[in-house]
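These notes concern the structure reproduced below.
This chain uses plain numbering: 1 for the first residue, then up along the sequence. The structure presented is a predicted model; accordingly, all values stated were derived computationally and were not measured.
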Amino acid sequence: MARTRMTITGTPVGDVELAVVTPVGTRRRDPLPLLVAHDGPEYSRRSHLLSALRAATADGRVPPNRVVLLEPGDRNARYAANPLWGDALVEHVLPALHTAYALDGRPTLMGASLGALASLEAEWHHPGTFGALFLQSGSFFRRRVDDEEDFEFWGRVTRFVTNVRRVRRRRTDARIVLTCGGDEGNLANNRQMAETLAASGHDVSFTEVPGRHDWPSWEHAFDPHLLDLLDLAARRSRE
């Protein structure tokens, strides 16, 4: 897979660094599905995301995808339910990608921990931007459920989660897939988030998977959950 680095300037959170990884043999003007990954370099290095996609593509389980590996920068400030990060992603990063590459359908957005929270926040405030969300072990902190009050952005995160819980009608038509390890502290809030989204009419699934809050556990959840989601997103784009 060929890798091209880009810097998106002038966003509300400063410069955004990323790499676009494209299957060898494809051109910029070939329309391909787009997968955007928060903490992209870590997903690539520690969870072997690109290797998993390459193998699944070779087996015919998913179509060739362009993959955007987002560098987090000031991760906590950007990913912890910061609406400016969602604005940067939707109003600056994606338009730059649309200019540089031909895309097929709406992108899929993924992330783990705070990256999962940031993924939901981006689609929540810009509904219709993404066709699918893959949320792993999301930091959907809630008062009286989580013991994370010392986290510097606790108030911002809990306010966003509370706002999601108050919605009574579907806000996005994106397919939302959540996974969370059975041995980690975020299990209860992930289960509750899935129940909340389902109750308000969203297209959502939740799966408790083996493992902890770490990169190997997130890697193990790719098959089948991420691969099935990418296959579904591709089929929807053809309908």
Side-chain angles (χ1 to χ4, degrees), residues 6-20 33-43 66-100 103 105-142 151-167 169-178 186 189-190 193-194 196-197 200 202-204 229 233:
M6 295 179 64
T7 300
I8 312 302
T9 61
T11 87
V13 296
D15 292 353
V16 177
E17 304 285 345
L18 59 88
V20 182
L34 186 69
L35 172 63
V36 181
H38 285 100
D39 295 305
E42 292 293 279
Y43 258 127
R66 284 196 181 90
V67 183
V68 175
L69 303 176
L70 295 168
E71 295 189 9
D74 189 349
R75 185 176 187 273
N76 287 358
R78 287 181 173 184
Y79 288 4
N82 184 353
L84 294 181
W85 170 249
D87 293 346
L89 189 58
V90 174
E91 298 174 1
H92 296 263
V93 173
L94 289 183
L97 293 168
H98 275 282
T99 298
L103 307 180
R106 290 185 288 169
T108 296
L109 183 61
M110 67 181 292
S113 193
L114 285 176
L117 176 72
S119 298
L120 180 62
E121 191 279 336
E123 174 65 14
W124 201 257
H125 288 114
H126 300 271
T129 300
F130 300 95
L133 303 177
F134 185 62
L135 313 180
Q136 298 191 274
S137 307
S139 300
F140 305 124
F141 299 149
R142 291 189 58 204
F151 178 56
E152 58 186 322
F153 298 110
W154 168 259
R156 197 166 71 189
V157 172
T158 55
R159 282 193 297 273
F160 171 70
V161 173
T162 297
N163 289 337
V164 173
R165 290 178 58 82
R166 287 175 175 168
V167 168
R169 293 184 296 178
R170 186 176 69 181
R171 188 174 182 87
T172 170
D173 65 353
R175 171 63 173 166
I176 306 173
V177 172
L178 297 92
N186 278 358
N189 61 48
N190 274 255
M193 177 57 75
T196 293
L197 292 171
S200 51
H202 291 85
D203 179 10
V204 61
L229 182 63

Look up atom [atom1] in [X] and atom [atom2] in [Y], then write down how far apart they are to the nearest 0.5 Å.
{"X": "Phe153", "Y": "Tyr79", "atom1": "CZ", "atom2": "OH", "result": "13.5 Å"}
{"X": "Leu103", "Y": "His98", "atom1": "CG", "atom2": "NE2", "result": "4.5 Å"}
{"X": "Trp154", "Y": "Ser139", "atom1": "CH2", "atom2": "OG", "result": "11.0 Å"}
{"X": "Glu71", "Y": "Thr7", "atom1": "CD", "atom2": "OG1", "result": "8.0 Å"}
{"X": "Leu135", "Y": "Leu109", "atom1": "CG", "atom2": "CG", "result": "8.0 Å"}
{"X": "Phe134", "Y": "Ser119", "atom1": "CZ", "atom2": "OG", "result": "10.5 Å"}

### Query
Is there a donor-acceptor contact under 3.5 Å linking the side chains of Ser137 and Ser113?
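Side-chain D/A pair, Ser137 to Ser113: absent.
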### Donor-acceptor pair between Thr172 and His202 side chains, under 3.5 angstrom
no
A side-chain contact here means heavy atoms from C-beta on lying under 4.5 Å apart; do [X] and [Y] qualify?
{"X": "Asn76", "Y": "Leu114", "value": "yes"}
{"X": "Met6", "Y": "Val20", "value": "yes"}
{"X": "Leu89", "Y": "His38", "value": "yes"}
{"X": "Leu18", "Y": "Leu69", "value": "no"}
{"X": "Phe141", "Y": "Asn189", "value": "yes"}
{"X": "Met193", "Y": "Val204", "value": "no"}
{"X": "Pro72", "Y": "Arg78", "value": "no"}
{"X": "Leu70", "Y": "Val68", "value": "yes"}

Which heavy-atom pair separates [X] from [Y] by the least distance, and what is that distance?
{"X": "Gln136", "Y": "Met110", "result": "OE1-CE, 4.3 Å"}
{"X": "Phe140", "Y": "Leu178", "result": "CE1-CD2, 3.8 Å"}
{"X": "Arg165", "Y": "Thr196", "result": "NH1-OG1, 3.2 Å"}
{"X": "Ala233", "Y": "Thr108", "result": "CB-OG1, 3.9 Å"}
{"X": "Leu229", "Y": "Leu133", "result": "CD2-O, 3.6 Å"}
{"X": "Ala77", "Y": "Asn82", "result": "O-ND2, 2.9 Å"}

### Task
Any chance you could lay out the side-chain contact (heavy atoms from CB on, under 4.5 Å) test for Leu197 and Ile176, step after step, and finish with the verdict?
CA-CA 9 Å; Leu197 292 171; Ile176 306 173; 4.2 Å; yes
Test your reading of the model: is there a side-chain donor-acceptor pair from [X] to the backbone of [Y], 3.5 Å cut-off?
{"X": "His125", "Y": "Gly86", "answer": "no"}
{"X": "Arg106", "Y": "Thr129", "answer": "no"}
{"X": "Arg169", "Y": "Ser200", "answer": "no"}

#### Entry: CA sep, side-chain torsions, deciding dist, call: Val13, Val16, side-chain contact (heavy atoms from CB on, under 4.5 Å)
CA-CA 8 Å; Val13 296; Val16 177; 4.3 Å; yes
### Task
Please assess Glu123 against Phe130 for the test side-chain contact (heavy atoms from CB on, under 4.5 Å), listing each intermediate value before the final yes or no.
CA-CA 6 Å; Glu123 174 65 14; Phe130 300 95; 3.3 Å; yes
### Query
Between Tyr43 and Val67, does a side-chain contact (heavy atoms from CB on, under 4.5 Å) hold up when you go through it step by step?
CA-CA 11 Å; Tyr43 258 127; Val67 183; over 6 Å; no
### Query
Taking it one step at a time, do Arg170 and Asp203 satisfy salt bridge (charged side-chain N to carboxylate O under 4.0 Å, His left out)?
CA-CA 9 Å; Arg170 186 176 69 181; Asp203 179 10; over 6 Å; no
### Query
What about the rings of Trp85 and His126, do their centers lie closer together than 6.0 Å?
no
